[in-house]
Amino acid sequence: MICLVLHPTDSYGQFCGQKGTSNAKKPILFYFNILKCTNPTILINLQCPTTQMCVSKCPDKFATYTEMQLQHKLSKSYWEYYRLFCKPVSQVLRDEDCPSMIVPSRPFFQRCLPDFITLNGTVTVANRTRFKDALEMARSVTELQHAAKGITGLVDTKELGIKIVEDYAKSWTWILILEKNNSSAQAVETFMILPINFLQTTIVCVVCVCVCAGMWYCSMELSQLRLRPGSDVAIIEVGLQTDLQIYLQLTQTWIILCKSVTSILLMLIFLRRRVRVAIALLREASKAIGHIMSTLFYPVITFLLLTVFISYWAVTAVYLASSGEAVYKVMSPDVSCPYANTTCNPEIFNKTNISKATLCLGSQCLFAFYGGETSYHQYLFLLQLSNLLVFLWLVNFSLALEQCTLAGTFASYYWARRKPQDIPPCPLFSSFSRALRYHTGSLAFGALILSVVQLIRIILEYLEQKLKGIDNSLSRFIMHCLKCCFWCLEKLIRYMNHNAYVMVAIYGKNLCTSAREAFFLLMRNVVRVAVLDRVTDFLLFLGKVLIAGGVGVIAFFFFTRKIPVIQEEVPNLNYYWVPLLTVVIGSYLIAHGFFSVYATCVDTLFLCFCDDLERNDGSSEKPFLMSPELHRILGKSSQAR
C-alpha cells in the first residue's frame with residue numbers, strides 16, 4: 001500500500017519506469033485533469049480521481065483541449081506535441097482520450113506538477129493567472145496550487161520520512177539508554193515522594209529556584225538577541241523548520257519563554273497557601289501508594305491497551321483507505337448505446353459483444369474513477385468515521401477502566417479503620433476484577449458519551465478546514481460558536497465522568513446515579529474543591545515538565561555534541577530533533593503514567609474525605625476514617641475560606 005502511494009502508477013495499475021513493461025522509458029506520471037486532485041477523496045482513497053498516464057517528460061507548454069481543437073488544423077506540430085500526452089489509441093481521438101489541458105510542469109517525486117513562477121509578486125503559470133478548461137469554465141492559478149498541494153501532501157514526506165528513519169536507526173540505542181535512565185529516575189523519584197512529609201517545602205523551593213534561573217537565562221539571551229540584526233522576525237513568518245536553532249535566534253521565542261516562567265512564578269507566590277494544602281494532600285496520597293505499591297505499575301497495563309487500540313485503528317484505517325480500485329466504464333460515442341456508463345473489464349472488453357453491438361460501435365472500456373460501486377465503497381467515508389468512533393470509544397474505555405480500578409484501590413485504603421492492617425489483600429487486583437465484572441457497562445456508557453462529543457469536535461474541525469475559502473462571516477461565527485460549545489461540553493463530560501467513576505468504584509452504583517451524587521457532593525464542598533483541584537493538578541504538571549525538561553536538556557547537549565567527553569560516540573544525524581523529541585515525549589509520557597496514579601489517588605481521597613464528613617461526625621459511634629492530619633489541614637482550609 002505504501003509503495004502504491006509513493007511510487008507513481010498509471011490508471012491501469014502499472015508502475016511508471018518499471019523495466020520489462022511499456023512504461024520502461026516513461027518514469028514520470030502525468031495527470032489528465034490535475035484540478036480534480038483537490039477532491040477530498042484523495043485523502044480517503046490515497047489516489048487522485050483522474051486519468052493518470054506515464055510519460056517520458058513533463059509538458060513545457062500551456063494549452064487546453066479547446067485550443068488544440070481550434071489550432072491543430074493550422075499547425076500540425078502543435079497537435080503532434082499535444083498528442084504526446086494523450087492515450088495511445090486510434091488516430092481518431094475522442095475528448096476523453098486527451099487531457100483537459102497541459103501546463104508547463106516539472107517532475108516532483110516522479111509526478112508532473114505545475115511550474116509556478118512569481119512575477120511582480122503574482123504567482124503565474126506560463127505568464128497566465130487565469131484560463132479556461134475543456135468545459136469553458138474559468139479557472140485560476142490558485143486552483144492549480146491547491147491541486148498540486150493535494151498531490152504533494154501524499155508524497156512530499158517521503159524524503160523527510162527516510163531521513164527520520166535513518167536517524168532512528170542510528171540513535172535508537174541512545175534513546176533507549178536515556179529512557180531507561182529516565183525510568184530509573186522515576187523509580188527513585190517515587191521513593192522520594194513516598195516520604196514527602198519531609199520534602200513538602202523542598203519541592204516548591206526547587207521549582208521556584210528553577211523558575212528564577214529560567215527567568216535569568218531568558219533575560220540574558222533576550223538582551224543579547226536585541227542587538228543582533230534580523231532577530232526580530234516573527235515565528236509565524238519563519239514557519240515550520242527542522243533546525244530548532246533557528247527559533248532560538250528569535251527574540252519572540254525568548255519573550256514567550258520569559259512570560260511563561262514569570263506566570264509560573266507569580267502563580268506559586270499568590271497561591272502559596274493553597275500549594276501547602278495541595279502538598280499535604282499529596283503527602284496523604286503518598287502514604288496510600290506506599291502501602292499499595294502495585295498501583296504504580298498499573299499505567300503499564302493502560303499503555304499496552306492503548307498500543308493495541310491504536311494499532312487496530314491505524315491498520316483498519318489504512319486498509320479502508322487503500323481498498324479503492326480502478327473502476328472502468330463503457331464510453332460510447334452514441335448516447336443510445338444500452339451499455340453506456342456500465343462497468344467493464346478492459347482486459348476482456350474486446351472479446352465481448354458490447355463493442356460489436358450496432359448501437360455501441362466505437363465504444364471503449366475506459367477508466368472512470370477510483371473507488372467502487374458497491375455499497376461498501378459508497379459508504380467508505382462513513383466507515384472511516386465509524387472506525388474513528390470505535391477507536392475513541394476504546395481509548396476512553398481503557399482510561400475509564402484505569403480510573404475506576406485505581407479509585408477502588410485507594411478507596412479500600414481510605415475506608416480501612418486501621419491502616420494498613422485492615423486493607424484487604426491484593427486490593428488492586430480485587431478492584432480490577434470488580435470493575436470488569438460489575439462496572440463494564442457504566443464505564444462503556446461514559447466512554448461512549450465522551451467519544452461521541454469528541455467525534456463531533458473532529459467533524460467540526462474538518463468542516464472548518466473546508467469552509468476556510470468561503471468568505472461568509474455568519475458561517476464562521478456559527479462554526480466558532482459550535483466549536484466553543486462542544487469544547488466546553490467535552491471538558492464538562494470528562495470531569496463528570498472522572499468523578500462518577502470514583503463513585504462507581506466506591507459504592508457500585510450505575511453511572512448516572514454516581515455522576516449525580518458526585519456532582520452534588522462536590523457542590524456541597526465547592527470551597528474545598530476550589531482550594532485543591534486545580535492547584536494539585538498544577539503541581540503534578542510542574543513535576544512532569546521538570547522531568548521531561550531535565551531529560552530533554554541532557555539529550556540536547558548529547559545529540560548536539562556539546563558534551564566533550566562523549567563527542568565521538570554521538571552518531572551523525574540529519575535532524576538532531578528527531579531523537580530529542582522522542583526522548584522528551586517519552587519522558588513526559590513516563591512521568592505522566594507515574595503522576596496519573598497520584599492524581600487519581602488525590603481525587604479519590606478527596607471525594608472519600610467529603611463523604612466521610614457527611615456520613616460521620618467524629619463521635620465514638622460514627623468516627624472519622626480520615627487521618628487526623630488530613631482532617632486538621634482540610635478542615636482549617638475550608639474554615640479559612
> Going through the checks in order, is the side-chain contact (heavy atoms from CB on, under 4.5 Å) test met by Y598 and S286?
Replying inline: CA-CA 8 Å; Y598 281 92; S286 299; 3.7 Å; yes
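- In plain terms, the two heavy atoms of L580 and G552 that are nearest each other are CD1-O, 3.3 Å.
- For the atom pair L296 CG and F595 CZ, the distance stands at 10.5 Å (nearest 0.5 Å).
- Distance check: I310 CD1 to L305 CG gives 11.0 Å after rounding to the nearest 0.5 Å.
- Closest non-hydrogen pair, S431 versus T405, comes out as OG-O, 2.6 Å.
- Across every non-hydrogen atom of S596 and P299, the tightest pair is OG-CG, 4.3 Å.
- Note: I292 CD1 to F410 CZ = 6.5 Å, rounded to the nearest 0.5 Å.
- By the side-chain contact (heavy atoms from CB on, under 4.5 Å) test, C608 is found to be paired with A411, Y414, W415, I506, T604, residues two or more places apart in sequence or in another chain being considered.
- Pairs passing the side-chain hydrogen bond (donor to acceptor under 3.5 Å, both in side chains) check and including a residue from residues 542-552, sequence neighbours excluded, read K544-H592.
- Side-chain atoms of W313 and L392, non-hydrogen and from C-beta on, never get closer than 4.5 Å to each other.
- Pairs of residues two or more places apart, or lying in two chains, that qualify as salt bridge (Lys or Arg N to Asp or Glu O under 4.0 Å) and include a residue from residues 421-430 are R418-D422.
- Partners of S260 according to the side-chain contact (heavy atoms from CB on, under 4.5 Å) rule, which considers only residues two or more places apart in sequence or in another chain, are I256.
- Taking a 6.0 Å sphere around CZ of F309, one finds it holds more than 12 heavy atoms contributed by other residues, nucleotides or ligands.
- For T302, the side chain to side chain donor-acceptor pair (under 3.5 Å) partners two or more places apart in sequence, or in a different chain, are E402.
- Taking the side chain as every heavy atom from C-beta outward, L607 and L522 approach each other to under 4.5 Å.
- Remark: T513 OG1 to M503 CE distance equals 10.5 Å, nearest 0.5 Å.
- Considering CG of L511 and CG of N497, their distance stands at 6.0 Å, rounded to 0.5 Å.
- Taking all atoms of both residues into account, the shortest heavy-atom contact from L320 to Q384 is CB-NE2, 3.6 Å.
- Judged as a side-chain contact (heavy atoms from CB on, under 4.5 Å), and not counting sequence neighbours, the contacts of E461 are E464, K483.
- Between Y588 and V584 the shortest side-chain heavy-atom distance does not fall below 4.5 Å.
- Among residues two or more places apart in sequence or in another chain, the side chain to side chain donor-acceptor pair (under 3.5 Å) test is passed with T262 by none.
- Each ring-ring contact (aromatic ring centres under 6.0 Å, His included) pair with one or both residues in residues 286-306, not counting sequence neighbours, appears once here: H291-Y413.
- Put simply, the side chain of Y312 reaches to within 4.5 Å of the side chain of N387, judged on heavy atoms.
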>> Using the rule given for side-chain contact (heavy atoms from CB on, under 4.5 Å), can you reason through F445 versus C512, listing the C-alpha separation, both sets of side-chain angles and the distance that settles it, and then say yes or no?
In response: CA-CA 10 Å; F445 182 54; C512 296; 4.1 Å; yes
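- Scanning all heavy atoms of the two residues, the minimum distance from M479 to L463 falls at CE-CB, 3.9 Å.
- Here the side chains of N510 and V504 are not in contact, with every heavy-atom distance at 4.5 Å or above.
- The closest side-chain heavy-atom distance from N499 to L521 is not below 4.5 Å.
- The salt bridge (Lys or Arg N to Asp or Glu O under 4.0 Å) pairs that include a residue from residues 432-458 are R457-E490, where partners are two or more places apart or lie in different chains.
- By the side chain to side chain donor-acceptor pair (under 3.5 Å) test, N396 is found to be paired with S451, Q454, residues two or more places apart in sequence or in another chain being considered.
- Between L385 and L389 there is no side-chain heavy-atom pair separated by less than 4.5 Å.
- For the side chain to side chain donor-acceptor pair (under 3.5 Å) test, no residue two or more places apart in sequence or in another chain qualifies with S398.
- F486 places a side-chain heavy atom less than 4.5 Å from the side chain of L489.
- For L492, the side-chain contact (heavy atoms from CB on, under 4.5 Å) test picks out M496, with sequence neighbours left out.
- Closest approach of P427 and S412 over heavy atoms only: CB-OG, 3.8 Å.
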> Would L304 and V308 count as a side-chain contact (heavy atoms from CB on, under 4.5 Å) if you check the C-alpha gap in whole Å, the side-chain angles of each, and the deciding distance to 0.1 Å?
Replying inline: CA-CA 6 Å; L304 294 177; V308 173; 5.7 Å; no
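- Note: F609 CZ to E614 CD = 10.5 Å, rounded to the nearest 0.5 Å.
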